[in-house]
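Structure, as C-alpha cells:
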Number of protein chains: 2
Amino acid sequence: MEANVEVVAERKCPIETVIHIVGGKWKPLILWHLLDSNKRFSELEKLIPEVTQKMLTQHLRELENNRLITRTIYPTVPIKVDYSLSEYGLTLVPVLKVMCAWGEIHNQMNSSVRVPARVGVQI
Amino acid sequence: MEANVEVVAERKCPIETVIHIVGGKWKPLILWHLLDSNKRFSELEKLIPEVTQKMLTQHLRELENNRLITRTIYPTVPIKVDYSLSEYGLTLVPVLKVMCAWGEIHNQMNSSVRVPARVGVQI
DNA sequence: CGGGATCCCGGATGATACTG
DNA sequence: CAGTATCATCCGGGATCCCG
C-alpha cells in the first residue's frame, strides 16, 4: 500500500460507492459483528472462522481507511487491539438494516423456489 | 454457463445476499439507468460507454436470473430487446435509494476531505 | 497477539472477431 | 441490433512463513 491516502475514484453512481465500501468478501460479516459490540482481532477470527488473517487484516484496514471503524491499540504485552464502529460508521447502520431486510426476504424466497432462469418474454 | 438454475449459496448474512445481487462491477449502473425507464441493449451501451458487450450481456443475464429485470424481445428485423425492472426488481428500489443517499453524502465528504489513513488511536 | 511479506491461483474482466 | 466465442489479462483472495 504505497500512498497513505486512498484515492477515492470518482463514482458517478452512489450505489457503487456503497458497494465499494461494504462490498468486500468479509466486510459485511465484520460490520455485522461490530454492530453487536467492539471486537478484538482474535475475536473476529473466531467469529469468522473461514477468513484468513491476511484478508481479515486487509478488510479491517479498508474499513478503517474509509473511517467506518475505529482501531484502538492497547500497548500492553502482549499487545491488544480492538475494533469498533466509528460515529461515521454508525450512520451506515440504517443502510445495512435495509439491505438486511431485503436480503432476508430474498433468501427465503430462494430457499423454497428454485429459480427458473432465462424465461425470456416474447412479443 | 452450464446449469440453468443458479445455485443460491447459503448466506448467513443477508447483506452478502444484496451485495451478491447488485454488487457486480456494472450492475449498480445498469439498475440506476433502468430506474429511470426501460432501456434497449444499445441504449445501455451508450449510457455506460466503458462496458464491453460481453460484460453488459453477462450482468444483464445475472440480473434477469435473479428476477430483478425483465427482458422483452421484439422479433423485428433488426431484432429489438429491451430491459426493464421487474415487479420484484421494484421491491429493491427503496434499498437502492437508501444506498444512494448514503453514498452521495460519502462522496461529498471525500471530494472535499482527503482521507488521512491509519490514524490508529493509542491508549 | 496482531499482524506483515511473498508467492500463487482461479475467476472476474477485457479485447477482438464473428453471427443470426 | 443484440448478442456469442475465444483468447488474454488482471486482481481478489488464499497458503505459508516471518516478526515486534
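By convention in this document, chain letters (A, B, ...) are assigned in the order of the sequence lines, proteins followed by strands, and residues within each chain are numbered from 1.
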- Note on the structure: Tightest non-hydrogen contact, residues Cys13(B) and Pro28(A), listed as SG-CB, 4.1 Å
Rounded to whole Å, please give me the gap between [atom1] in [X] and [atom2] in [N].
X: Arg40(A); N: dG3(C); atom1: CZ; atom2: C1'; result: 13 Å
X: Leu47(B); N: dA2(D); atom1: CG; atom2: P; result: 13 Å
X: Leu56(A); N: dC1(C); atom1: CG; atom2: C1'; result: 13 Å
X: Tyr74(A); N: dG3(C); atom1: OH; atom2: C1'; result: 18 Å
X: Glu45(A); N: dG3(C); atom1: CD; atom2: P; result: 9 Å

- Note on the structure: side-chain hydrogen bond (donor to acceptor under 3.5 Å, both in side chains) filter on Ser37(B), not counting sequence neighbours, yields Lys39(B)
For the side chain of [X], starting at C-beta, report the closest nucleotide among [options].
X: Tyr83(A); options: dC1(C), dC1(D), dG3(C); result: dG3(C)
X: Pro78(B); options: dT4(D), dG2(C), dC1(D); result: dC1(D)
X: Phe41(A); options: dT4(D), dG3(C), dC1(D); result: dG3(C)

- Message: I need the Leu44(A) CG to His59(A) NE2 distance, nearest 0.5 Å.
- Response: 13.0 Å
- Task: Using the closest heavy atom to pick a nucleotide of DNA chain C for each, name whichever of Val51(B) or Ile79(A) lands nearer the 5' end.
- Result: Ile79(A)
- Query: Excluding sequence neighbours, so at least two apart, what forms ring-ring contact (aromatic ring centres under 6.0 Å, His included) with Trp32(B)?
  - Reply: none
Donor-acceptor contacts, no H, no angles, side chain residues 49-57 of chain B, under 3.5 Å, sequence neighbours left out:
residue  : atom : partner  : partner atom : Å
Thr52(B) : OG1  : Met55(B) : N            : 3.2
Gln53(B) : NE2  : Glu45(B) : OE2          : 3.3
Thr57(B) : OG1  : Gln53(B) : O            : 2.8

- Query: Starting at the 5' end of DNA chain D, which residue's closest nucleotide do you reach first, Glu50(A) or Glu43(B)?
  - Reply: Glu43(B)
- Query: Can you pull the ring pair (Phe, Tyr, Trp, His ring centres under 6.0 Å) pairs that have at least one residue in residues 81-102 of chain B, sequence neighbours excluded?
  - Reply: Tyr88(A)-Trp102(B), Trp102(A)-Tyr88(B), His106(A)-Tyr88(B), Trp102(B)-His106(B)
Write out all pairs satisfying salt bridge (Lys or Arg N to Asp or Glu O under 4.0 Å) with one or both partners inside [range], taking only residues at least two apart or from two chains.
range: residues 81-97 of chain B; result: none
range: residues 98-108 of chain A; result: none
range: residues 22-34 of chain B; result: Lys27(B)-Glu62(B)

Distances for protein N or O near nucleotides 5-13 of chain D N or O, under 3.5 Å:
residue : atom : partner  : partner atom : Å
dG13(D) : OP2  : His59(A) : NE2          : 3.3

- the helix from dC1(C)-dG20(D) to dG20(C)-dC1(D): angle between terminal helix axes, five bp per end, to the nearest 10 degrees, reads 60°
